[in-house]
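A short worksheet on the structure shown next.
Hydrogens, waters and symmetry mates play no part in the numbers below; they use all other heavy atoms, side chains included. Protein chains get the first letters and strands the later ones, always in sequence-line order, with residue 1 at the start of each.
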Amino acid sequence: MTWMSEATPRRRRARWNREECLVERRNPLKWRHAKHTHPASARSTRPWHEANPKAAFPRTSALARRHDIDAFERLADQWEADTAFESLVTRKAIHPAYQRIIGMGEPGVPLVLSRLQRQPAQWFWALTAMTGKDPAQGEDTLEGACAAWLRWGREHGFLRD
Amino acid sequence: MTDREAVEAQIPRLALSDYRITSPKDVMYNCFAWAAGDTERIWSPLMLGSGVHWPPGIPALASLAGVIDAYRIVGFERCESPELENGFEKIAIFADATNDPRHAARQLPNGRWTSKLGDHVDIEHAAVEAVGGQFYGEPVVFMRKPTGQLPGA
């Protein structure tokens, strides 16, 4: 009987982790802003993303995060070089490298915003696709849209001040 | 690679043409805005996101008809030729083999043409078709707008 009483909390912990992982994967924004806390830091009142500022890629190790950052920068460099002479944003947005960045989904958002902060470019299509939001709606200049997205990124924990 | 080398690598016809670079790279406006005299915004139809200008009421599809309509809204009308006409400012719209709009250039009062090359530099070129070729296609539509200057003045 001893093994039963030991196994139950372990199973309960495993189930909690599985369910929360699913919540996080399906709706990371909800996870981040619902003030969920991991059991290990249950006493903390800080939102998860504030307690884990380096967890833009929460799924694996620091090495994998580095790999994702390098992959993003390579794709972004390739996109900028290949589309520098394109006139229409619609043509820029269908470039395969841009589409692969969109495919990174929400974990890639901090990387896009960080790049936007360093170097204004047409990342708004990608950001809208990756987040389902458009905080720059109505902005018809690159400068205005950049400012709106960077403000949104800070407010939602994707960018540090 | 210098700006000139980058430009000629992308648009080989320019290497054999009379042209000069007239501004540094600038991502804040594109050729369609530059042709209309706007250096503050990027003119582009857009299906998702924001940060560009496209005249209200024009479908947000990258079609030649849509680009023509966008210039109509700011006072241009279609004309037959790229020849300099006193009292008119002209623009040329380039399209590729599938008739998709790719570029626009504006005629200067001296008869030469000015083009913004994507996010890259502005250039001044003698012949309108100098920026044509595989990348931007060829000039297929010309439009003109009165400058306010009387013909013959």
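Contact of the Pro146(B) side chain with the Phe88(B) side chain is registered, since non-hydrogen atoms from C-beta on lie closer than 4.5 Å. Inter-residue side-chain proximity for Leu88(A) and Phe32(B) is flagged as met; some heavy-atom pair is nearer than 4.5 Å.
Residue with the most contacts toward chain A among Gly49(B), Gly118(B), Gly51(B), Ala33(B): Gly51(B) (heavy-atom pairs, distance under 4.5 Å). Options Leu61(B), Ile11(B), Val27(B) differ in how many heavy-atom pairs under 4.5 Å they form with chain A, and the most are formed by Val27(B).
Note: the hydrophobic cluster containing Leu150(A) also contains Met130(A) (ILVMFWY, side chain heavy atoms under 4.5 Å, direct or indirect links). Hydrophobic clustering (side-chain heavy atoms under 4.5 Å, transitive across Ile, Leu, Val, Met, Phe, Trp, Tyr) keeps Phe76(B) apart from Val128(B).
Proximity to chain B is absent for every atom of Ala126(A), based on heavy atoms less than 4.5 angstrom apart. Contacts between Val121(B) and chain A at a heavy-atom distance below 4.5 Å are absent for every atom of the residue.
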Can you list every donor-acceptor pair under 3.5 Å that links chain B to chain A?
| unit_1 | atom_1 | unit_2 | atom_2 | d |
| --- | --- | --- | --- | --- |
| Asn30(B) | ND2 | Ser87(A) | O | 2.8 |
| Arg41(B) | NH1 | Asp140(A) | OD2 | 2.9 |
| Ser44(B) | OG | Val89(A) | N | 3.0 |
| Ser50(B) | OG | Asp134(A) | OD1 | 3.0 |
| Ser50(B) | OG | Asp134(A) | OD2 | 3.4 |
| Ser50(B) | OG | Ala136(A) | O | 3.3 |
| Gly51(B) | N | Glu139(A) | O | 3.0 |
| Arg102(B) | O | Ser87(A) | OG | 3.0 |
| Arg102(B) | NH2 | Glu86(A) | OE1 | 3.3 |
| Arg102(B) | NH2 | Glu86(A) | OE2 | 3.4 |
| Asp119(B) | N | Ala84(A) | O | 2.7 |
| Asp119(B) | OD2 | Lys92(A) | NZ | 2.7 |
| Tyr136(B) | OH | Phe85(A) | O | 2.6 |

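The backbone N or O of Leu84(B) sits nowhere less than 3.5 Å from a side-chain atom of Lys90(B) that would complete a donor-acceptor pair.
Residues meeting the side chain to side chain contact (heavy atoms under 4.5 Å, CB included) test with Ile73(B), sequence neighbours left out: Pro55(B), Ile58(B).
Ion pair Arg72(B)/Glu77(B) not flagged as a salt bridge, since none of the NZ, NE, NH1 or NH2 atoms sits closer than 4.0 Å to an Asp/Glu carboxylate oxygen.
Listed by first and then second residue, the salt bridge (Lys or Arg N to Asp or Glu O under 4.0 Å) pairs that reach into residues 44-63 of chain B come to none, sequence neighbours excluded.
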